[in-house]
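Only one structure is covered here, and it is reproduced in the block below.
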Amino acid sequence: VADWHITSHKSVSGTHSLRSANLNNHQGKSSDIALTVDLSVDTLLTFSYDADVFFQFEHFEFQVDGQRFLDVQRPTGGWTDYELSIPAGEHEISFHVISPSTGAGFDRSASLVTFGTGVVYVDDLKFMPMTR
């Protein structure tokens with residue numbers, strides 16, 4: 001399965017965003033990307049995501065240091081903003097689209113509005129120092 005990549009297909013601002021691989025018909029697989037950051041101060045992490053996933057085919061997770069903070073299991077229907085305070089120090093920030101090991105038992109093309117296309121976009125990832 002392909003990794004995440006930069007695309008011009010969809011974005012919140014600018015002309016590009018980060019796009020997951022398409023896991024359609026790839027049971028038990030995942031599309032993952034991680035970034036290690038060393039924050040000198042407590043930081044507010046913000047990003048926007050458009051998750052076109054459905055839990056019987058895949059779901060979207062955002063993690064910090066292996067701890068899940070966001071788990072999206074249904075299509076968001078557009079861009080959604082997310083923010084999280086992260087303490088100073090070294091951290092691994094990661095995004096995952098994960099497909100279950102068993103199939104859904106039906107074809108998602110019956111309703112792409114309901115079941116999604118299996119793709120996630122992330123845009124406007126920002127790290128903003130927090131003042132006390």
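In this chain, numbering begins with 1 at the start of the sequence shown. What you see is a predicted model; the values in this text were computed from it and never measured.
Proximity of H59 to D71: side-chain heavy atoms (C-beta onward) are separated by under 4.5 Å at one or more points. Side chains of H9 and Y121 form a contact here, defined as non-hydrogen atoms less than 4.5 Å apart. For the pair Y49 and V12, the minimum side-chain heavy-atom distance is 4.5 Å or more. Residues F69 and E61 have side chains not in contact (no heavy-atom distance under 4.5 Å, counting atoms from C-beta outward). E90 places a side-chain heavy atom less than 4.5 Å from the side chain of T36. At a threshold of 4.5 Å between non-hydrogen side-chain atoms, the residues T46 and D81 do not count as touching. Contact annotation: the side chain of L84 never approaches that of L70 to less than 4.5 Å [non-hydrogen atoms, C-beta and beyond].
In this structure a side-chain-to-backbone donor-acceptor pair under 3.5 Å is missing from S20 to S31. Formation of a donor-acceptor pair under 3.5 Å by the T43 side chain with backbone atoms of M128 is not found in this model.
In the hydrophobic clustering of ILVMFWY residues, with side-chain heavy atoms under 4.5 Å counting as a link, L39 and V41 come out apart.
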Evaluation steps, ring pair (Phe, Tyr, Trp, His ring centres under 6.0 Å), between F62 and F47: CA-CA 11 Å; F62 164 67; F47 62 89; 4.9 Å; yes
Are V120 and V53 close enough, and set up right, to give a side chain to side chain contact (heavy atoms under 4.5 Å, CB included), and what steps lead you there? CA-CA 7 Å; V120 174; V53 297; 3.7 Å; yes
Under the side chain to side chain contact (heavy atoms under 4.5 Å, CB included) rule, what do V119 and F60 come out as? Steps first, then yes or no, please. CA-CA 9 Å; V119 174; F60 168 56; over 6 Å; no
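Nearest heavy-atom pair across D124 and S13 is OD1-OG, 2.6 Å. The minimum heavy-atom distance between L18 and W4, with the atom names listed, is CG-CE3, 3.6 Å. Here the closest non-hydrogen pair linking D50 and G78 is OD1-O, 3.5 Å. Between L44 and M130, the shortest heavy-atom contact is N-CG, 3.6 Å.
S48 and D123 form no side-chain donor-acceptor contact under 3.5 Å, judged by distance and modelled atom types alone.
In this structure, F127 has no ring-ring contact (aromatic ring centres under 6.0 Å, His included) partners at least two apart in sequence or on a different chain. Not a single side chain to side chain donor-acceptor pair (under 3.5 Å) links S11 to another residue, sequence neighbours left out.
Going from atom CD1 of I6 over to atom OG of S17 covers 7.5 Å, rounded to the nearest 0.5 Å.
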For residues 91-98, which side-chain N or O atoms pair as donor and acceptor with protein atoms under 3.5 Å away, sequence neighbours left out?
residue : atom : partner : partner atom : Å
H91     : ND1  : D65     : OD2          : 2.6
H91     : NE2  : P87     : O            : 2.7
S94     : OG   : H96     : NE2          : 2.8
H96     : ND1  : D32     : OD1          : 2.6

